[in-house]
Colleague: 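If you scroll down you'll find the structure; I have some questions about it.
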Amino acid sequence: MYNKLIHNILRFILLLVLQLLVFDNLNFGSYIHLHIYVLFILLLPFDTPQWRLMIDGFLIGLAVDVFNGTPGLNAAATVFLAFMRPFIIGITTRKSDLEGKNEPSITEMGLSWFTVYGLLLILMHNLVLFWLEAFSIKLLGIIILETLLSSLVSLLTIILIIYLFKPVKK
């Protein structure tokens, strides 16, 4: 339990630092924005209670908002992601597939499952984030384009990060 808590705190800090110092400073044009900090919520254990998911989502989103000067946009989008996570796990997984599994990782669930799971949640996160940012129905086409492009690039980057930091099996 204590090791899991320390591991999650370190993951929170590492993803936050990477987001703020590296990925927020990359420029891929005006339609692609990398959001790798959502990986923190994606990788929390299956048995994490809903209230804890929501608090953790709020905290990491708020931290990004504080450093980026965005008034609650990332917090709102990440809380929505945390709220939707159990539903997405429920529709992408049978209960029997979760037996003996601790977290929704590529190692435990497989690349194809993680890709669907991650893409759905990242799409939802980005749609809420960009819609709140634009706050206009007139910009729906741009919001959808930005959501799709940012989600695909974010997911590919997240999968790359997972493989880079994946523990080596002996």
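Just so you know, these numbers come straight off a predicted model, no measurement behind them. Along the sequence shown, the residues carry numbers beginning at 1. What's counted below: heavy atoms across the whole structure, side chains too, no hydrogens, waters or symmetry copies.
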Colleague: Do any pairs count as a salt bridge (charged side-chain N to carboxylate O under 4.0 Å, His left out) and have a residue in residues 28-43, sequence neighbours left out, and if so which ones?
Modeller: none
Colleague: Which residues satisfy the side chain to side chain donor-acceptor pair (under 3.5 Å) test with S150, sequence neighbours excluded?
Modeller: none
Colleague: Taking the six-membered ring for Trp, are F40 and F12 parallel (under 30°), tilted (30 to 60°) or perpendicular (over 60°)?
Modeller: perpendicular
Colleague: Side chain to side chain contact (heavy atoms under 4.5 Å, CB included) with E108: which residues, sequence neighbours excluded?
Modeller: K101, N102, E103, S105
Colleague: Quick check for you: to the nearest 0.5 Å, what is the distance between L62 atom CG and I55 atom CD1?
Modeller: 13.0 Å
Colleague: Is V22 reachable from I158 through a run of hydrophobic residues whose side-chain heavy atoms are each under 4.5 Å from the next?
Modeller: yes
Colleague: In residues 131-148, what donor-acceptor pairs under 3.5 Å come from side-chain atoms, sequence neighbours left out?
Modeller:
from, atom 1, to, atom 2, distance (Å)
S136, OG, K138, N, 3.1
E146, OE2, H33, NE2, 2.7
T147, OG1, I143, O, 2.7

Colleague: What distance separates L10 CG from L5 CG, expressed to the nearest 0.5 Å?
Modeller: 9.5 Å
Colleague: Which residues satisfy the side chain to side chain contact (heavy atoms under 4.5 Å, CB included) test with F87, sequence neighbours excluded?
Modeller: M84, I91
Colleague: For the atom pair CG (L152) and CG (N126), what is the distance rounded to the nearest 0.5 Å?
Modeller: 10.0 Å
Colleague: Could you work out, with side chain to side chain contact (heavy atoms under 4.5 Å, CB included) as the rule, every residue matching L120, not counting sequence neighbours?
Modeller: I88, T92, V116
Colleague: If you measure from CG on L81 to CD1 on I41, what distance do you get to the nearest 0.5 Å?
Modeller: 6.5 Å
Colleague: Please list, chain by chain and in numerical order, all residues satisfying side chain to side chain donor-acceptor pair (under 3.5 Å) with T93, sequence neighbours excluded.
Modeller: W113
Colleague: Give me each pair satisfying salt bridge (charged side-chain N to carboxylate O under 4.0 Å, His left out) with a member in residues 53-77, each pair once, sequence neighbours excluded.
Modeller: R52-D56
Colleague: Distance check, rounded to the nearest 0.5 Å: I161 atom CD1 versus L39 atom CG?
Modeller: 7.0 Å
Colleague: Nearest 0.5 Å, please: how far is OG1 in T107 from CZ in F114?
Modeller: 10.0 Å
Colleague: Among all residues two or more places apart in sequence or in another chain, which pass the side chain to side chain contact (heavy atoms under 4.5 Å, CB included) test with L21?
Modeller: V17
Colleague: The criterion is side chain to side chain donor-acceptor pair (under 3.5 Å); which residues satisfy it with D24, sequence neighbours excluded?
Modeller: Q19, N68
Colleague: For residues 44-80, which residue pairs pass the ring pair (Phe, Tyr, Trp, His ring centres under 6.0 Å) check, not counting sequence neighbours?
Modeller: none
